[in-house]
Structures are given as C-alpha cells and as structure tokens.
Amino acid sequence: MSWLARLWNALRPTRVQQEIEREISFHITERADELRAAGLSEDEAMRRARRQFGNVTIQVERTRDVDVMLWVDALRRNVRYAVRTLARTPGFTATVVTTLALGIGANSAVFSAINAVLLRPLRFPQGDRLMRISQTQERSAETAVAPIRLEDWNRLNDTFEAISGYFVEDISETSGDFPERLRRAWVAPRFLDVWGIAPARGRGFTDDDYRPGGRLAVLISDGYWRRRFGADAGVIGKNIRVGSAAFPIVGIMPASFLFPDRQVDLWFPSPMSGFVAQLRQATWYIGIGRLKPRVTLDQARANLDLVQRQLAAQYPASDRGIRVQVVPLKDVTVGDVRASLWLLYGAVSVLLLITCTNIAALMLSRAAHRQNEMALRMSLGASRRTIAAQMLTEAAVLALVGGSIGLLVANGASAALRSAAATLPRVEEIRVDGRILLYTLGTTLAVALVCGLLPLLRTGRGVLSTHDAGRTQVSSRNAVQWLLVGIQVALSITLLAGGALLARSLQQLSHVDPGFDPSRVLTFRISGTWNETANYDSLIQRIDGTLDELRALPGVASAATTVFLPGVPAQYESTFDVVEAQGDGERRLAAERRFVSPEYFATIGIAVIGGDLCGRQARSAPGAVMVNRSFVNRYLSQRSSVLGLHLSADSANVPPAAIAGIVADARERGIDREPAPIVYTCFSAPNPTPYFLVRTHGEPTSVAQAVRQKIRILEPTRAVYDIAALEDRIGAAFTQNRLRAIVLISFALTALLLACVGLYGTLSYTVTLRRREVGLRLALGAVRGDIVRHFLLRVLRVVCAACACGLALSIAFARLLTGMLYGVSPSDPMILSAVVGFVMAVATLAALVPVTRAAFVAPMHALREE
Amino acid sequence: MSAPKNDILQGTLPLLVLKLLASNKRLHGYAITSRIHEASADLLRVEEGSLYPALHRMEQLGWLRSEWGVTEKNRQARFYSLTAKGRRQLALEEASWSKLTEGVGRVLRFA
C-alpha cells in the first residue's frame, strides 16, 4: 500500500477501523481457544486472553494511524465538525453564505467582463497580432488610407503578414417585398487573410473577385443569413440585389465574425481598379494588418515609418507629410470602456473586502461566545494549532459554499450584463470559463483566509487566559472588532463619495444649456451608396428634393441634414487658413468642422447672430461657411468684420469658402464639452447617407410613420433606417455614464448597509458583554443619559476616525475618476461633507437600538444574572 | 501470568516476521506470535498488542501484502505474505543483524 491507499483509507475511516478490530478479535479468540484447551473455563480463558493482549483500544488506534493519512483524516474530522457546528446555527450560516455568494458572485461577474473585454485577445486566430493602420497628416483629421497607398504599404513592408482595408456604407437591398437597409463593407484584397478567418460555408474571395470586370461575389453575415434566408444552406449561389445589379452569394461568415461592426451584413470585394483607386489623394480605407509572428509593435511602427518615408521621396506631392499610425486593434475595439470597467472592478472588490471584514467580525463575536468551549478543549489537551485549524476549516467551509453559489450568481450576472450593456464592445464574449473558475476559487480561498485568520488574532490571545473563560469580562479585546467596523465605514465612504461625484456630474449635465433645442427633433437616415458621389450634383439634387418633401409633411416645421448629430460626442477637427490673412495669427486655425444643410440652424434652434444664412449650393460653386461665435472670438477678434473673409480648409481639393454669417455657440461635440470654434460648411450632401433632422410640432416619433410612407412613394428603392428622437440619442450617448453612476451608488449603499450591520452587531455585542457593569453603574446611581453618552461617544469616535480615513482614501483615489466627472471637482467639499454627514447619521441610527438597550438595563436583573 | 518475559529487542520484530514469512507461505498475526514463541524455544515473547501496528507498518512499506482468508477452524483471519521487496529487505536485515551480533560478540570477548 502506498500514500494513495492511505489517502483512500482516510476517506473511509469506519471500514478501516472495523477491519483492524476484526483482526485483533480473531487473535484474542485464538488465544482463548488455546487457553481453554489447556483447561481454563470459557470466561476465564477469554479474560486472560484479553489481558495478555493488552489495551485493545490503544492498539487499534495505533494500527489505524499507520493505515491512514493523518492530515487528511484530521481535515475530514475538522470539516465534519465544522459542518455540524454551522448546522447548529442556521441563521448565522445562511447569512454568511448568502453575503459571500453575493460578494464573490458580483466580483467574479465583473472580473468575467474584464477578462472578456480587456484581458483576452480578440477572438481571431492570434488576435493580438491584429493592428489598425491609419494615415495621419499634420493638418488633417482624415485618417482613411488611399487604396493605392495601402497596396504600397502591403508590398514594401516586411513586418506584416498582410495589410488590408475596408469601408462601410448603408445600402438598400431590393430583392424582397420591401427595400431593406443593409450595411455593406467594401473590403480590400487579403481582407480574410488578415483575420485568419474563413467563411463558415462556401468560399472566401479570390484574386478573380478583385479583378475589374471579374466575377461578382458577396459574402453574407451569419445574422443576415438567419434573418433573411432562415439559415437555408442552399442560399449559396443565390443573388442579392443592390441598386440595379445582382450579386451572387459565395459564402456565409461564421456567427462570431462581427467585423467591422455588429451590423455589417454583406462583404463586397472592392476592386483595385479604376481611375479613383489609383489616386494617391483619394482616401477611403480603414487599414488593418496582421503582424508577423514575434514582431513587436515598435518594430512594425518603425518599419512602416520607413516605408512611408520611401513613398514620400518617390511621390513628394502627395505623400510628403503623411505618417503611419499603428494601434493594436484590441485597443481600438475596447476604447474608453477600460476605465469604467476597472472602476467597477475596484468598487466590487472593495465591496467584497467589506463583506469579508463583516464576516470576520461576525465570526469574532461567535468565537467570543464559544470561548468557554475553546477553553475547555484547550484544558483537555487540544493544541492551539488544532483549534486554529478547526476555525480555519469553518471559515473555509463557509467560503467554499458561498463561492460555489457565487459562481452561479456570476453566471447569472454575466447573462444580465450581456443584455444590460449590449453596446459594450465584445459583450458577446462575456461568459464564465476556466479562468473565471480559477479566479473564483482564488477569491474564495482569500476570503476564507481573511475570515478565518482575523478571529484567530483574538482567540489566540483570549484563549491563553483560560482562567477567565468562565466569566465574561470587559477588556480592550473588542479593539479588533471596532477596527473592522472602522475599515468598513471608511471603505463605504470612499465608494459613496465616488458614486455621489458621478451622480452630481450627471445632474450638472442635465442642467447644462447645450445652445440648441434637442426636443421634438426626429433623426433618421436614408440608404444610399458611395457610388452616388460620382455625380455630386444629382446627389445634392436628391437630398435637397427629399428635404423639400419632408418639410411639406403635416406636423413638420423644418428639415435639415448633417453628418454629425449635435450633442452626440463626435470630433472632426480641421485646420483653416484665412485667405486674406494679415499675419501668421490667422493661419492654421484649429476648429471643428461640420457639414450641414442651411436649414440646420433653424431646425435645431441655433440663432444666426450676424451676417446672413448661407444658401444651398452646388458642389462646383464657391462654397459658403458659417462660423460660430467662439471661432470669431478666439481667432478673428481684432477684425471689425469677418463677413466675406475666405477660409481654406486643409483638404486641398476644395476651393476656399466665404464666411456668410456668424451663429451662436452650441455644444456640438457633446453636452459635456464646452463649445469650441466651429466652421459649418453649408453642404446638404457631403456623403450619400447624412442624418436627416426633422423638427416636429408634436411628439417627434409620431411623424416617423409619415416619413417612411413619404420616402416609400418618393424613392421606393431606398430604406429609411436608424430612426430615433434626437433627445434619446443624446441620452444614449451618456448611458455608460449613467450606468456607471447607478452601479457605483448601489455598491456604495450596499457597503454602507453592511458597515451598519457590522456596527450594530459589534455594539450589541459590547453592550451584552457589559450588561453587568452597566447594571452596577446604574445601581450606584449613574444617570441613564451618561450611559447613552458613553456608548454613543464610543461609536462616534470610531466612525469619525473612519470618516477621516475614508475621505483621505477618496481623495487619494480621485484620480481614477478623472475624465468621468463633469462640472464637479473630485474633492468637492459640498459633496464630501454631505457624504460624511449622511454616513454619520446612518451610523448613529444603527447605534441607537443597542445603546437604548444598554440604557434600559434593569440593574437588579443584570446583577442577578451572574 | 508471571512467566519470565523476554521482550523482543526494539527493531528486531520486523526481522523475525520477515524470516518467518520467508519460510512459511502465509501466516496470520496469531500464528506469527506463536511461531516466534515456538521457534525461539520460549526464549522470545512478542508483546501481542504491538504486533499489529508493526505488521501494518510493514505492509505500508511494501514488504508484506495481506488478504483475508479462512483458517482451518473456519474462522476469518487476515493472512500476511512476503513481497519481493520484503524478501530484499530480509536479506538486508539479516546482514545487518549478523554484523550487529558479531560486533557485540567481539566487544564481549575482547573488551
């Protein structure tokens, strides 16, 4: 037999014991037989055989100890003892297990989100090697890449396996009864190679698909395949109608492939032919690339930099001043969620810490109640290690049960998170996997250690003085407990301060005057293709015609188009030169650039405060722009009149435009951002699918149906999509902020509740311990008010110290909140003092019940008890 | 029971058990006690109770293997037999025993 057998024996102790007893009783029976044969009586023979053998119990035990693995056996016995003890106090056990399940569950759920969104590589083969590649130019906001340049990069670099690109447009598909809006991605050669993903069915694109006049081909998304074709496998080879052409479906992408975004339904090969594709100034691709194995980001950057410098030497006119930007695709995908997730994780971990200290405090008072039992066991010879092991086992049993239920909680919470935060990037990847299991196990063990070891600090010392175990005495031993209460209060203050600051920011935001009126404005888009930009005049004609028809609808006050929605965070910065510049101060003026139809200002309520409203214009005509007050104040304040000055934008192919008028400032870039200098180019059709804005007399969504019907009559092949009220869109832009504040505040309140429970429990316990003393004092003539004051002061001293620590902590961690606050400083004295006041009030309330109980102790009763 | 007791020297019990089992195919605990008794012509007496922890330890060490069987009197008993490892151990113990006795003998003779 080996250690394995001994382990096995440790797990079936009764069986082992029985076998040894049988073996020994056989020995004794044989001996007795022999003695009987020698002439002894039955009884006498048995008695003598026993005596000759010695102490059976001891020998059985010694033999058993050889056969079993002792520590496993001890563990088993400890666990059984712990389970029995815990089962005797079901209330305590249920409370602790539930609290732990929630604490550990919430923690694991948030960690599963962090794991999926921030830690795991993108779900493509070797996803960490995928890069977003853009071109940047000093004076331009443009980051798209010219197709011809993309090909150059791909050909000349030696750090990427492949570089490709794509761009997206919204189109309408017309093979069904109604035109359906679809999102189509045009993809450059090597697109699927970069991802390392093959279609789930059918084939990918071949070189032939990219040749001008070659085969037509389209890949469709799994979502579209299910929605439109009911997941019919025979769909390959069928046609999709876009505009006047039909394209055969050659393959279906896997369900997990959601790129460039979740809404893409179709992928078309973008031919590298034609005049425009050869222009070095025509930029439209968003570049993506796959690094070669073992190439670092820096190497890749240096390499592409070199490549671009060669191109600049070769084509100085177009390529000088262009730089290459390489960013890991994961960073682009995750974006600004990172800070929110870590904040959430920090909060939920603090909550777990509070839970632990709370449970430690509970176990402490429990340990105090069991002091007699411990003292008895120690005087009977139990070592301190034995008792420590047993208490740790108890904590471990609680933590393990709590942790297992917590895992279920985490699983449920992950599902909830997936549906609640549907716009979170990579949200579909959140799930409970092996790493989460390990993480939960780790947390559980940590919790067991904290909860089990803290009470030991106390019993370790307490048990030494066994002589006073029989009678409870007042001593400073409660210090540990009060320290734990203090920690809980301090941490709750930190959480609460964070939550309050975020909430205050939201409140400030809702009081901001955006400079325009977002109410009663309906927004939507009408499908179109980039092909239409080949003939801008007819595109402008189409969009202006649509605007006229919309305005004629009943219930509509005015209609306009814009590329960016006002108040929804977006940034598009350009630099402008004043053509009539009087010095360098009027060159290279940085300003946000907006493309709007002239009706925009009236539609969303931005006042024209100088000059005239620009008129509608054709692409070929010299353009007109409107500038806002900030632009004039910042750049042109010395001039008596700015009207009629010409601004030239950085894109060289657009002629300078005259300033027609000045408009009031508005928070175009987001409600939370101060108005910046803006140049509005009056152009109703800068792209084929601008946003339409319709100001209505009544509820904006009520005219949605009328708009649909109108467009149906006007242009039966186009789809109206993306319909929403402007206010809802602005609200949606701040969903993340709102969610963040709500979650943090609910965590903070939970934390405070836990802290109060801890405070209540500790104080009640102290009061119980000191009943006799209080009774004595009362009997000796103490006033009840003194007793109340005494206990309240004790609580307030702890709470005040905790508040000070909590405030210091919140100020230290305020850095985490930067970028999330609006209109409030992280150390805002009003908020912080309100938080402290609130916590003090709640803590006093929690203390009131036990304090009152202390004050109304009946002296004789209390004294007679002992 | 006041028969002259000559308890087995600490550490020699395994050697005796191994030796007995080497010449007998399988024995139960009681038989081992009586055989030691008989073979030593009553000179040696095993303290009966301590035999079992020793037997189980030797089994844990892999020198013995045990199985339940039936005696001629039709009783259930645990029988022990020697393993290959036990046989090697016996050789070692015999060698060290003879060295010990020789050493002790020399000291007694020449000291």
Side-chain angles (χ1 to χ4, degrees), chain A residues 1-10 12-13 15-42 44-73, chain B residues 1-8 10 13-14 17 26-38 42 44-86 89:
Chain A
M1 265 197 279
S2 57
W3 64 270
L4 206 68
R6 293 170 61 208
L7 175 64
W8 172 235
N9 282 342
R12 34 162 228 168
R15 183 74 201 279
V16 173
Q17 176 117 3
Q18 279 169 359
E19 287 205 354
I20 296 168
E21 279 167 0
R22 259 173 75 201
E23 190 177 5
I24 287 177
S25 85
F26 163 78
H27 182 110
I28 293 172
T29 321
E30 287 284 308
R31 169 73 69 215
D33 275 1
E34 200 186 286
L35 292 171
R36 220 179 7 250
L40 284 177
S41 77
E42 186 98 350
E44 184 57 24
M46 203 60 193
R47 208 169 13 245
R48 190 171 291 183
R50 281 231 171 81
R51 203 163 49 218
Q52 204 168 330
F53 187 85
N55 187 331
V56 176
T57 318
I58 286 180
Q59 296 304 347
V60 168
E61 233 165 56
R62 279 175 54 197
T63 314
R64 202 188 75 96
D65 287 353
V66 171
D67 279 352
V68 299
M69 206 174 263
L70 285 177
W71 65 268
V72 178
D73 189 55
Chain B
M1 237 202 55
S2 51
K5 202 150 86 180
N6 202 352
D7 279 344
I8 291 175
Q10 186 78 39
L13 182 59
V17 172
R26 42 176 236 167
L27 292 172
H28 49 68
Y30 182 73
I32 292 173
T33 329
S34 11
R35 290 292 170 89
I36 292 177
H37 202 128
E38 288 160 18
D42 277 4
L44 296 177
R45 187 175 293 278
V46 182
E47 200 197 312
E48 294 179 22
S50 61
L51 175 69
Y52 289 91
L55 282 175
H56 281 244
R57 190 171 298 113
M58 289 164 77
E59 186 179 6
Q60 295 292 352
L61 289 170
W63 302 346
L64 310 183
R65 97 172 60 82
S66 76
E67 66 203 325
W68 284 88
V70 184
T71 63
E72 56 269 36
K73 283 194 221 152
N74 215 9
R75 284 199 180 117
Q76 290 273 326
R78 182 179 245 173
F79 287 90
Y80 293 87
S81 51
L82 210 56
T83 62
K85 199 172 170 190
Q89 184 64 28

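Atoms considered below: every heavy atom in the structure, side chains included; atoms not considered: hydrogens, waters and symmetry mates.
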Nearest atoms (heavy-atom pairs only) where [X] meets [Y]:
X: A:D33; Y: B:K73; value: OD2-NZ, 3.4 Å
X: B:Q76; Y: A:F26; value: O-CD1, 3.5 Å
X: B:P53; Y: A:R62; value: CG-CB, 4.0 Å
X: B:W68; Y: A:E23; value: CH2-N, 3.9 Å

Query - Check against side-chain contact (heavy atoms from CB on, under 4.5 Å), B:R78 and A:E19 - result: CA-CA 9 Å; B:R78 182 179 245 173; A:E19 287 205 354; 2.9 Å; yes
[X] portion near chain B, given a 4.5 angstrom heavy-atom threshold:
X: A:R64; answer: neither
X: A:I20; answer: side chain
X: A:E61; answer: neither

Query raised in the report: Hey, which of B:R75, B:R57, B:R65 has the most heavy atom pairs under 4.5 Å with chain A?
Result: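 Heavy-atom pairs under 4.5 Å are most numerous for B:R75.
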Report task. Measure distances from B:S34 to the heavy atoms of chain A and classify the residue's part below 4.5 Å as side chain, backbone, both or neither. Result ->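 Contact with chain A involves no heavy atom of B:S34 at all.
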Distance (rounded to the nearest 0.5 Å) between [X] [atom1] and [Y] [atom2]:
X: A:H27; Y: B:L51; atom1: NE2; atom2: CG; result: 7.0 Å
X: A:Q52; Y: B:E48; atom1: CD; atom2: CD; result: 4.5 Å
X: B:E59; Y: A:D67; atom1: CD; atom2: CG; result: 7.0 Å

Query raised in the report: Considering only heavy atoms from C-beta outward, does the side chain of A:R31 approach that of B:Y30 to under 4.5 Å?
Result: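 SC-SC contact between A:R31 and B:Y30 confirmed.
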Report task. For the residue pair B:Y52 and A:F53, categorise the inter-ring angle as parallel (less than 30°), tilted (30 to 60°) or perpendicular (more than 60°). Result ->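 Because their plane-to-plane angle lies in the 30° to 60° range, the rings of B:Y52 and A:F53 count as tilted.
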